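Inspection log for the structure reproduced underneath, given as structure tokens.
Naming convention: chains lettered A, B, ... in sequence-line order (proteins, then strands); numbering from 1 in each chain. Note that the structure is a prediction, hence the values are computed from the model and not measured.
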There are 2 protein chains.
Amino acid sequence: MRLAPLLLVLAVSIPALAQGQTSIPESALGTAAKLRAQALADDTSWRVTESLTTEIGPRLPGSEADARAVAWAEAKFTELGYDRVWTEPVTFPKWVRNGESARVMGDHAQPLVVTALGGSPGGEVEAEIVRFEDFDALEAAPEGSLDGRIAFIDYRMARTRDGSGYGAAGSTRGRGPSVASSKGAVGFLMRSLGTSHARVANTGITRFAEGVEPIPAAALSLPDADQLGRLLERGPVTVHLALDVGFDGEYTSHNVIGEITGSGGGDEFVVIASHLDSWDLGTGAIDDASGVGITMAAGHLIGQLERRPARSIRVIAFANEEQGLIGARQYAERHADSIGQHLLAAESDFGAGRIYGFNTGAPEHAREATRQIAEALAPLGIEYMPDKGGPGPDIIPMAQAGVTWAWMGQDGSEYFDLHHNASDTLDKVDPEALAQNTAAYVVFAWLAAEAEGDFGSGPAP
Amino acid sequence: MRLAPLLLVLAVSIPALAQGQTSIPESALGTAAKLRAQALADDTSWRVTESLTTEIGPRLPGSEADARAVAWAEAKFTELGYDRVWTEPVTFPKWVRNGESARVMGDHAQPLVVTALGGSPGGEVEAEIVRFEDFDALEAAPEGSLDGRIAFIDYRMARTRDGSGYGAAGSTRGRGPSVASSKGAVGFLMRSLGTSHARVANTGITRFAEGVEPIPAAALSLPDADQLGRLLERGPVTVHLALDVGFDGEYTSHNVIGEITGSGGGDEFVVIASHLDSWDLGTGAIDDASGVGITMAAGHLIGQLERRPARSIRVIAFANEEQGLIGARQYAERHADSIGQHLLAAESDFGAGRIYGFNTGAPEHAREATRQIAEALAPLGIEYMPDKGGPGPDIIPMAQAGVTWAWMGQDGSEYFDLHHNASDTLDKVDPEALAQNTAAYVVFAWLAAEAEGDFGSGPAP
């Protein structure tokens, strides 16, 4: 701690050459303070978020609204004064939802609120359910023990600030249906990975392993999972599950990219990203229109400055994050040869809660610059957390290719009340928290683009 | 205030004869204290509420579950040791809900979350919407001004403890569709009368006036009403509304009644009531399984005493409250000749929140007894509110016939987060608040049944 001022002096005084420390010049820090204040008073991120959720609404990958969203994003980047705006194609299997229902049969007959998991096949099954505490318990069930049954994972995820409750749910949704099928199940139900007791169910993608027969798979709202638990205490429970969903050919959407071109010519750039698609149950406000609003506004504010940053700011609205980071994976493949030009990359995809923590995955020679950025974020109530964080979902493929991530940790305490369910609508976005996010992204993007020296990005070893 | 102790002495010492003051004997007050403590420690009301919501689930009047609920209530009264259990037929038009959907058409195409209002006809309409601030604004619209349009009342109800926000919504739901049709509208939409921002819509009954063409009528969730408002700021909005609902013949259900027979032979009785039916979107936990649980448990606890009360306790679970107090109206007609035997009547039908206030509609000669009951309720945190209250919904028909009402005001601050929507499920019931309610009902019913003198009930003038 006592060394910090000394390190700062050294960092500023030593030119950032190949083997040297990366640092940020004083002049850039002054502009960052101005941008920070400006962003807090600016409503661009709110207006962008409002526009996307209102005019496009839900944006299921491959839907008619997906195409409208791409056109909307191109127009919005242009309207916000970006220097370059372009799209890059992203192709994926199209999954559609036409309808879904479930009901308890027999003496306690009653409807259940469910939503099909993305990637589920359609189909109608009626069978006794078998309850499991969690994914591990399902995985431990003997082969064939679920023959002709519906598996039901009743895992309760915890509410946490950092989203670790979702992580702890592990493979429940992603692999649960596949494992259930491999043990003979004809259907799959799970307690929604969510924290709201409103009677809405949370969707999300699942995947069947090669050679496993896909089975209808759906999530129950929390009250419905509770209800099944109580009914099971009274005896066997038979459920009728009817899903009119499934894959329907292939679709090509687009990543949409806006660039504020750096004074250095644009050969190197800082990436700030979000995803343009959403699930279909809500209007994708906190997942992830708010991320689109925050990052588009941050780039816009930098573009309004009297001078361009040294490097470019590349704002990416990725296609089809929800069904497997598909836009991000195809971006990383397409840009494999220019990984070293991606200086640092961050994504806003954890709602619209206030940012509380910051870090980067930069190596030692860029820790001082990371600390300088953290210092400029501190007035926003953001703490430097050198042991925390990681790449946002859409940053993962490029991070795996060697791009250095930056992390701005949002308070996700209420995120899973809304995530992937119908209640994810604009009224849940707090304009003040959104402005704090925008201020953090604008400070981060500006300072990273102005840094003298690199952040260690380059082809993965 | 200084007179109160003196009045108490007078009340106790003067026999309650024809022209005298009604009062409650000391011995009864001692037992009330015992019952109060016992009820707070007892879980009967919770177990009854759990059983009804779990085993029967939603109980739409006329549905298969309606018949199961009647059989359940008879069995439950018997199991709880009531002296007499019987049913009385209640006949009404059967209304069914098969499905419902709505979507915005055109450039901003997107689905809307709606629920048909009870009593709505089925039908499919597509038309431009016309927004009104409230029912009065709709009523002020010129005849014919809505020709071929869908009327949309965007009234925002306020959250209040006593439910006055719902009352202030006035005729929005009950008369809105009828008035819209009379002015030429082909469909009706309204912002749900609710306070939750979860994306669930609130149903409830509507009625078309004689000679008015019924039109499809539905409520939007709050986020959807917000969304329509934002879209209307951008230009005309066309909505497609498809309701597969409607009336389908006649159905006979039953009021279910359990009696703890008084030592006086049962000629006079205190009524504590609730309703057995519910809307179909949730499981009717706070509306009104909790009322069924509270009142059934209160009678049960009195039935467990070593001696019977002087008068009977009549616990009524009314049929079809939701579609117009139909069970209660038919009860009042059937029992028109014995109105004077109904000493005092209270209903628990405002959720499962704690009771904060008490009053009765008794005339002057029974105010002292009312005050005595209030005093016995005070340790439960209940205040005597001599200017407040009125009959619960199902008490209205008998109150109109001359029965004196009693009121135990529940905290309804969160009631309209759940009322008539899918989130009305058991997890919303707090067992401790439920026990407080049960304690209040058992104290009230016992003391009223033990009072010396009447509470002014008799045929209405």
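By number of non-hydrogen pairs under 4.5 angstrom with chain B, the leading residue of A/Gly57, A/Ala198, A/Ala422 is A/Ala422. Highest contact tally toward chain A, considering only B/Val200, B/Asp280, B/Ile56, B/Leu426, is held by B/Leu426 [criterion: heavy-atom pairs under 4.5 Å]. The choice from B/Thr283, B/Asp226, B/Asp107, B/Asp224 that makes the most heavy-atom pairs within less than 4.5 Å of chain A is B/Asp107. Across A/Pro111, A/Ser196, A/Pro223, the residue that shares the most heavy-atom pairs under 4.5 angstrom with chain B is A/Pro223.
Heavy atoms of A/Leu231 lying under 4.5 Å from chain B belong to its backbone as well as its side chain. Contact of A/Asp417 with chain B is not made at all, since no heavy-atom distance falls under 4.5 Å. Using a 4.5 Å cut-off between heavy atoms, A/Thr425 contacts chain B through its side chain alone, with no backbone atom that close. With a threshold of 4.5 angstrom between heavy atoms, A/Val113 does not approach chain B through any atom at all. Using a 4.5 Å cut-off between heavy atoms, A/Ala65 makes no contact with chain B at all. Using a 4.5 Å cut-off between heavy atoms, A/Ser63 does not touch chain B at all. Contact annotation for A/Arg230: both backbone and side-chain heavy atoms come within less than 4.5 Å of a heavy atom of chain B. Residue A/Leu222 does not touch chain B at all, counting heavy-atom pairs closer than 4.5 Å.
At a threshold of 4.5 Å between non-hydrogen side-chain atoms, the residues A/Val104 and A/Leu228 count as touching. Proximity of B/Trp279 to B/Asp424: side-chain heavy atoms (C-beta onward) are nowhere separated by under 4.5 Å. Using a 4.5 Å cut-off on side-chain heavy atoms (C-beta onward), B/Pro58 and A/Gln110 make contact. Side-chain contact check for A/Asp427 versus B/Arg199: every heavy-atom pair is 4.5 Å or farther apart.
Atom CD of B/Glu128 sits in a crowded spot, with more than 12 heavy atoms from other residues, nucleotides or ligands closer than 6.0 Å. Atom CD of A/Glu414 has 12 or fewer heavy atoms from other residues, nucleotides or ligands within 6.0 Å.
Ion pair B/Asp277/B/Arg59 not flagged as a salt bridge, since none of the NZ, NE, NH1 or NH2 atoms sits closer than 4.0 Å to an Asp/Glu carboxylate oxygen.
The distance from atom CZ of A/Phe350 to atom CD1 of A/Ile286, rounded to the nearest 0.5 Å, is 8.5 Å.
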